[in-house]
Amino acid sequence: MILIVAEKRSVAQAIAKYLGRSYRVQRIHGVPVYSFSYGGREAAALGLSGHIMDFDFAARQNVWTWLPPEELFNATPLLVVRREALDYVKALRALAAKADEVYLALDADVEGEAIAYEAALVVRSVNKRAPIRRVLFNAVTPREITAAFQRPTKLDLKKVEKVFTRMQIDLTLGAAFTRFLTLAVREHLERGRFLSYGPCQTPVLGMVVTRELQRRNFKPEKYYILKALVEVEGHRIEMSSDVRYKSREEGERAAASVKHGVVKTALYKPHEVEPPEPLETVELERRASRWLGINAKKTLDIAEELYRAGYISYPRTETTIYPQTLDLREILRDLAETEHGPYAEELLRRSFKPTRGDSDDGAHPPIYPTKGATKAEIMKIFGKAGAQAWAIYDFVVRHFLATLSPPALVEKQKIAAAFGGVEMYAEGQRVISEGYWRIYPWERQRDKPLPRVSPGAPARAIKVEVVERETEPPPQMTESELLALMKKYGIGTDATMQDHIHTNVKRGYMKLAKGRCVPTDLGIALATALFQHAPELIEPTVRAKIEAALNSIVRNSTPPPKLIAEVKAEFRTYYENLKARREEIKKALLNALNTHRQ
DNA sequence: GCAAGGTC
């Protein structure tokens, strides 16, 4: 029997569908297994649910009050089977015992490689002989899957080592600092509550707190600009200066010279606004947070449900290029009977060229609709969550249609006039062609046209005024901006970024309100203490440094034990710095915990 | 009871 192990149920099912002519589903220990015939032999495909193993400390090391947290730097975490994965492991063992050939068809990324290794460990525990092979495919399509099974390869142990090293480092650092913080204020915490640290969650908090403190410490300054109503060739144009005058007097002096001038430039340039790139996870979350008022975690939860119900493709992806094998016209035809039908049919009637980003994660395509659906259908299936499910589905469809649509065309307009030494400007634009905005209203730009005037024409100021303005603090951090920063600094992955924001909310470090991130007193106190006494723990670059070190395992064959020892030694010094300031940190945290309670 | 990463 040929055993095939996939990362998730949907892939196992797809493999059975593509490799066999037909398949049967049976449940082993509650886990669906897809059986079919392949090359005249019996085959079974089993889908896991991500990792089946995890690292943990030995039992006695998990007694927080008994073990000083710094001792964790001397401990070595153990690889154990996850309790939640027990049924999967049982099913895998049962099938592996009967297998005479095993194919590890996990996703083609480092995590997939690690999960493949975990599966191989389970297989070997019951079957010493069956050859174990690894298959790699970039998309779950008949062509890719068939080809992958024709050229099987071997496990890449370097990638496995990288992932296992990351797991151990994250656990050790997370546990040591979480326990330190929690034990410092233990008697003042409610039961079951703790103060956590993590190499992703904490830098996220740091960015939000930094912004909040910038806002609080901001000192607004007054400045003055000129505004004028200017007549040129019979047209009246509102113009303003881009110079910021420090005082009203200075402004008045400049204003005095704004009487008769001349048009220096009059530009009317056509400009194409390109439709968006194919959709990936973080962009979906950012746009939903900004435009639909649905936060990132909720968005991914809903997208997951839409995926499981067969309406959209796999929602955790970094890819912004449609694969060659994806039939875009077929998807358009599938939308025909829905609200989006007329637009889809219009696209079908003409030739189109999809936009293209520059990212391919090698494992999943961009997010696109896999089934046409009407609002009524989605509302019915999703019940209470119907409105939000429709909002996300409708967005995915519109985004998909936008990527196949022509650009919008606007005329960018700019007029500059010189009045002696003072230059005044006006900017405007006229929409020539709506292009993809018709289906993608969130990016639609307004018409605010300027009249047509000629360079060299005389300009006469009818009215001039000095307007007082104030410099403004940076805006509150939006969730959308935070996600963009996380991506920039390499904090988290496409699938986990929203989790790291949510963890800070769960811990009481920040709140999300109307798409904005607002740190609590506790969050500010924690971040401030870390910035003061162990900045290396909270700076946004921490994660990227760890990630770079991990990559040296794959690139330079750095032995994991050496790397783990180095990282531990480094973070141990940060730990000592915090420990030396324990009382001070405790006081600041308690202070915040108490104000928080009132 | 800690993390981050898969996935349900």
Side-chain angles (χ1 to χ4, degrees), chain A residues 5-12 30-32 47-57 59 61-67 69-73 75 77 82 84-85 87-88 106-119 159-160 162-183 186 189-204 281 300-301 303-309 314-317 361 363-364 486 490-504 506-507 537 542-543 546-547 550 567 571:
Chain A
V5 187
E7 191 155 323
K8 42 191 167 278
R9 181 211 297 218
S10 63
V11 175
V31 181
L48 302 175
S49 178
H51 284 281
I52 51 179
M53 295 185 181
D54 200 359
F55 281 88
D56 193 7
F57 293 111
Q61 291 166 336
N62 275 333
V63 185
W64 292 27
T65 45
W66 176 79
L67 190 82
E70 59 263 46
E71 284 301 318
L72 293 175
F73 289 109
R82 294 179 184 218
E84 326 87 77
D87 284 338
Y88 291 93
L106 290 297
D107 290 356
D109 49 28
V110 285
E111 295 296 329
E113 212 64 25
I115 300 169
Y117 182 84
E118 294 164 19
K159 289 181 179 161
V160 179
K162 175 187 165 175
V163 172
F164 282 8
T165 303
R166 192 213 72 232
M167 288 168 130
Q168 294 174 69
I169 287 174
D170 286 345
L171 174 64
T172 304
L173 304 186
F177 290 105
T178 296
R179 292 184 194 183
F180 169 83
L181 292 169
T182 303
L183 293 176
R186 192 163 67 105
L189 288 176
E190 295 144 47
R191 270 177 64 88
R193 183 146 183 234
F194 53 88
L195 301 188
S196 63
Y197 163 83
C200 287
Q201 58 174 268
T202 303
V204 167
T281 308
L300 193 54
D301 285 350
E304 172 76 34
E305 299 241 350
L306 286 166
Y307 157 71
R308 287 218 305 273
Y314 189 65
R316 290 183 275 264
T317 173
D361 66 16
H364 305 103
M486 292 171 75
I491 300 172
T493 67
D494 54 346
T496 62
M497 283 185 196
Q498 40 80 34
D499 272 337
H500 302 312
I501 298 175
H502 185 66
T503 300
N504 278 292
K506 272 194 303 198
R507 298 286 182 267
L537 292 181
V542 196
R543 192 51 173 177
I546 294 178
E547 182 65 22
L550 291 169
V567 173
F571 281 78

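Every heavy atom of this structure was used, including side-chain atoms; hydrogens, water molecules and symmetry mates were not. Computed from a predicted model, the values in this text were never measured in an experiment. All chains are named by letter (A, B, ...) in the order of the sequence lines, taking the proteins before the strands, and each is independently numbered beginning at 1.
- Of the candidates B/dA3, B/dG6, B/dA4, B/dG6 carries the atom nearest the A/Glu111 side chain, counting heavy atoms from C-beta on.
- Shown here are the salt bridge (charged side-chain N to carboxylate O under 4.0 Å, His left out) partners of A/Glu118, two or more places apart in sequence or in another chain: there are none.
- The side chain of A/Tyr314 places an N or O atom within less than 4.0 Å of a non-bridging phosphate oxygen (OP1 or OP2) of B/dT7.
- Interface remark: the A/Asp54 side chain does form a donor-acceptor pair with the B/dA3 base, using a distance-only criterion of under 3.5 Å.
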Test side chain to side chain donor-acceptor pair (under 3.5 Å) applied to A/Tyr314 and A/Ser10, step by step: CA-CA 10 Å; A/Tyr314 189 65; A/Ser10 63; over 6 Å; no
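- Listed candidates were B/dA4, B/dC2, B/dG6. Nearest to the side chain of A/His500 is B/dA4.
- A/Thr182 comes within 4.0 angstrom of a nucleotide base, judged by non-hydrogen atoms across all strands.
- Where stacking is scored as ring centres under 5.5 Å apart with planes under 30°, A/Tyr197 does not register as stacked on the base of B/dA3.
- Counting only heavy atoms from C-beta outward, the side chains of A/Leu306 and A/Pro315 never approach each other to under 4.5 Å.
- With hydrogens and angles ignored, no donor-acceptor pair under 3.5 angstrom links the side chain of A/Asp170 to the base of B/dC2.
- Here A/Arg186 pairs with nothing under the salt bridge (charged side-chain N to carboxylate O under 4.0 Å, His left out) rule; sequence neighbours left out.
- Within the 4.0 angstrom heavy-atom criterion, no nucleotide atom of any strand lies near A/Pro69.
- Here B/dA4 is the nucleotide among B/dC2, B/dA4, B/dG6 with the atom lying nearest to any side-chain atom of A/Gln201.
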